[in-house]
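Just so you know, ligand 1 is whichever comes first in the structure, and atom 1 is the first atom listed for that ligand. Please read all numbers here as calculations on a predicted model, not as lab measurements.
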Amino acid sequence: MELNTEIKVSTDPIFNKISKVVPEIEWKIHAPLIYKINKLKKEKNAVILAHNYQTPEIYHGIADFAADSLALAIEASKTKADIIIMCGVHFMAETAKLMSPQKKVLLPDMSAGCSLSSSITGKDVRLLKKKYPGVPVVSYINTSAEVKAETDVCCTSANAVKVVESLGAKKVIFLPDKYLAKYVTKNTDVEIISWKGTCVVHEQFTEKEINEIKEQNPGIIVIAHPECPPDVINAADFAGSTSGMSEYVKKNQPKKVMMVTECSMSDNVQVENPKVQFIKPCNLCPYMKKITLPKILDCLENESNEIIIPGNLIKKAKLSVEKMTLIGRWSSNVIDILKQAILEDLRPSGDVTSKHIKNNKLIKAKIISNENCIIGGLSLAKKVFKFSDKKIIFKLKTKDGRKINKGKVVAIIYGKSKAILKSERVALNFLSLVSGVATITNKFVKKINNKSCKILCTRKTTPNLRTIQKYGVKLGGGHNHRFNLSDEILIKDNHIAIDGNINQLVKRTIKNKKGKKITVEVDNLNQLKKIIGLKFDRILFDNMNLKNLKKGVKLSSKLYETEASGGVTLKNIKKISSTGVKRISIGTITHSAPAINFKLEI
Ligand code: SF4
């Protein structure tokens with residue numbers, strides 16, 4: 001195709017943006033392809049997702065969304081497009097398919113692999129699990145669906161430390177990147193069992209090379225990816241994931257920078273930060289570079305190279321990716337909550353009593369439970385003490401989720417006396433709260449007859465403490481309902497009362513559900529009859545007597561997942577579960593959980 005006026009008008013704004021990093025002679029070849037791809041993707045309702053390591057003509061020319069692997073996976077789960085073209089490598093396309101199994105996911109070149117991903121198989125993980133029984137597995141997102149299916153939770157280079165710590169385990173199997181494993185080991189107390197995988201791009205960088213560039217460019221800021229060897233990271237001024245590196249440049253606007261990562265990333269970030277001078281150490285990823293504009297066009301035209309993953313594998317592998325996205329929400333939210341709680345106890349003048357103690361000596365303190373309970377919140381208590389003084393040692397004597405007896409020492413703390421006293425109350429309050437929720441949840445879980453029935457919490461939580469209370473529910477053996485209004489569609493009595501027509505409201509919602517699950521709440525069998533047969537996911541029987549609940553479950557259990565709520569107590573839960581209902585949601589386990597009493601003894 002010729003570079004005619006129509007193509008020029010459509011693509012010149014793109015060239016103006018990237019002309020610093022793409023020569024004009026190359027642009028003449030790129031522009032007609034970009035024009036064709038952008039036109040065709042609209043006609044086919046396709047979305048193009050591109051990784052940060054793609055070349056600028058792809059990243060800036062045709063991508064609808066360009067980011068790191070995690071953000072691409074999240075975007076894949078949200079897109080309304082019928083087709084997803086992944087401009088990245090095979091594991092990224094697989095992850096997009098896991099997140100959006102009903103969509104057609106295409107990879108322009110099926111041989112675009114990844115040295116990390118191919119370093120390990122599902123069989124290898126199964127052998128490791130056999131060797132280290134009970135030790136949770138964290139896998140980098142750069143792994144195949146087969147490996148993800150054997151994994152407890154996935155991570156990215158941006159959240160690897162958070163994910164490892166979120167498990168509350170002493171030991172974690174961390175796969176497959178040996179350098180990222182070293183980076184995590186350095187930043188956590190958790191023992192890491194690693195694998196031998198490496199990234200062919202990042203392992204090539206050396207400390208010598210970094211030091212030479214620093215010498216030749218006084219004042220240069222060097223930022224490195226955690227997949228690099230540890231001596232390279234040590235020689236750098238900052239280490240961060242691809243998104244972390246990009247954010248760093250955007251925020252700090254250094255005069256001169258070197259990004260120790262794949263070469264195209266520097267080009268793409270340079271386009272967005274024209275005032276920053278980039279020194280580019282050119283290590284290209286041979287797999288990422290297999291993706292080219294002609295291959296993208298061909299794949300889009302013929303809808304070829306579709307990613308196919310068996311349904312059972314999708315289910316297992318998706319879970320490990322979903323858990324990671326939940327931890328992301330949990331981590332940032334929880335850190336905020338902890339910081340606010342600490343400030344609440346110290347503002348405006350700090351601990352005005354402990355100031356008068358003469359000796360700020362090193363002491364040993366014990367946290368002891370005053371009640372039998374299911375323990376929860378140990379990692380939160382540890383963080384509270386660490387915020388006060390990084391040097392405090394917090395030794396766990398049990399694990400979140402365990403049943404403990406009155407008098408049990410749950411943790412031993414070593415550190416400076418004033419820092420321990422300053423943190424004591426806030427740390428104990430978190431233990432009391434989470435253990436309280438876990439304990440009451442567990443009482444309900446134990447009462448139920450029907451073992452395939454789940455106990456769930458609702459949105460009836462203490463303002464701003466939802467994440468923590470929902471965590472407690474899981475520790476007690478319960479499950480989490482939707483986190484908030486944006487997670488799932490739940491048509492309740494008030495929606496029905498305001499709309500006036502349950503059947504029409506449900507039909508309208510199904511039409512516009514945009515990938516969200518739909519639950520419809522009914523409080524009588526007449527309402528159920530008006531909607532039965534419509535294609536939604538779950539039916540929620542609210543406040544129905546046992547006789548009607550049983551009838552409702554019988555009528556609908558082949559079509560929908562069934563749930564009961566309203567007035568559930570420890571006395572009646574056994575009978576409710578005997579109706580065959582699959583889920584019972586209970587507000588009491590979060591809004592009225594009695595706190596468990598703990599003490600700190602010196
Ligand atoms: S840059 Fe490294 S980790 Fe990324 S796709 Fe290439 S080989 Fe894999």
Side-chain angles (χ1 to χ4, degrees), residues 49-56 58-59 63 66-73 76 85-97 105 107-121 138-148 151 154-160 174-184 194-206 223-230 232-233 239-246 258-269 280-292 295 305 307 321 324:
L49 307 183
H51 188 262
N52 292 322
Y53 296 167
Q54 290 295 301
T55 48
I58 294 174
Y59 187 95
D68 62 10
S69 358
L70 172 63
L72 294 180
I85 307 267
M86 178 57 73
C87 297
V89 293
H90 195 271
F91 79 80
M92 292 174 186
E94 272 194 342
T95 314
K97 182 73 184 172
V105 178
L107 179 65
D109 186 327
M110 288 302 237
S111 66
C114 164
S115 62
L116 274 176
S117 178
S118 61
S119 73
I120 189 158
T121 63
V138 173
S139 292
Y140 197 18
I141 198 154
N142 298 32
T143 45
S144 63
E146 194 201 2
V147 167
K148 287 188 177 88
T151 293
C154 281
C155 75
T156 66
S157 52
N159 63 18
F174 188 91
L175 310 168
D177 186 358
K178 72 173 184 188
Y179 292 130
L180 186 60
K182 282 191 178 159
Y183 175 77
V184 174
S194 60
W195 187 247
K196 54 191 180 215
T198 54
C199 159
V200 288
V201 174
H202 293 100
E203 72 173 345
Q204 288 177 46
F205 294 105
T206 62
I223 55 181
H225 194 280
E227 285 168 16
C228 294
V232 171
I233 295 181
S241 61
T242 45
S243 55
M245 293 167 107
S246 167
M258 175 170 89
M259 298 179 111
V260 188
T261 187
E262 215 271 354
C263 201
S264 294
M265 167 107 180
S266 297
D267 284 339
N268 294 326
V269 179
K280 296 172 194 168
C282 257
N283 287 346
L284 291 171
C285 171
Y287 309 107
M288 287 279 181
K289 294 299 165 283
K290 289 197 172 200
I291 308 298
T292 59
K295 287 184 194 168
N305 295 349
I307 300 290
V321 183
M324 166 178 71

- Message: Distance check below 2.8 Å: does Cys114 bring an N, O or S atom to atom 8 (Fe) of ligand 1?
- Response: yes

- Query: Which atoms of ligand 1 sit under 4.0 Å from any heavy atom of Leu116?
  - Reply: 3 (S)

- Under 3.5 Å side-chain donor-acceptor pair for Glu227 and Tyr183: no

- Message: Out of all atoms in ligand 1, which are within 4.0 Å of some heavy atom of Asn142? Include the element for each.
- Response: 3 (S)

- Message: Taking 2.8 Å as the cut-off, does Cys285 contribute an N, O or S atom near atom 6 (Fe) of ligand 1, distance below it?
- Response: yes

- For ligand 1, which atoms sit closer than 4.0 Å to a heavy atom of Ser115? 7 (S)

- Message: Under a 4.0 angstrom heavy-atom cut-off, which atoms of ligand 1 come close to Val201?
- Response: 1 (S)

- Mind telling me whether Tyr53 and His51 have parallel, tilted or perpendicular rings, with 30° and 60° as the class edges? perpendicular

- Query: Is the closest side-chain heavy-atom distance between Lys289 and Glu262 below 4.5 Å?
  - Reply: yes

- Query: Are Cys154 and Lys148 side-chain neighbours, meaning at least one heavy-atom pair lies under 4.5 Å?
  - Reply: yes

- Query: Are Met245 and His225 side-chain neighbours, meaning at least one heavy-atom pair lies under 4.5 Å?
  - Reply: yes

- Query: Going by the order shown, which atoms of ligand 1 are within less than 4.0 Å of some heavy atom of Glu227?
  - Reply: 3 (S)

- If you measure only the distance, is there a donor-acceptor pair under 3.5 Å linking the side chains of Ser243 and Asp68? yes

- Item | Heavy atom of the protein closest to atom 4 (Fe) of ligand 1 (residue, atom name, distance) | Tyr53 CE1, 4.0 Å

- Query: Among protein heavy atoms, which sits nearest to atom 2 (Fe) of ligand 1, and what does the distance come to when rounded to 0.1 Å?
  - Reply: Cys199 SG, 2.3 Å

- Item | Lys280 with Asp267: basic N within carboxylate O range, under 4.0 Å | yes

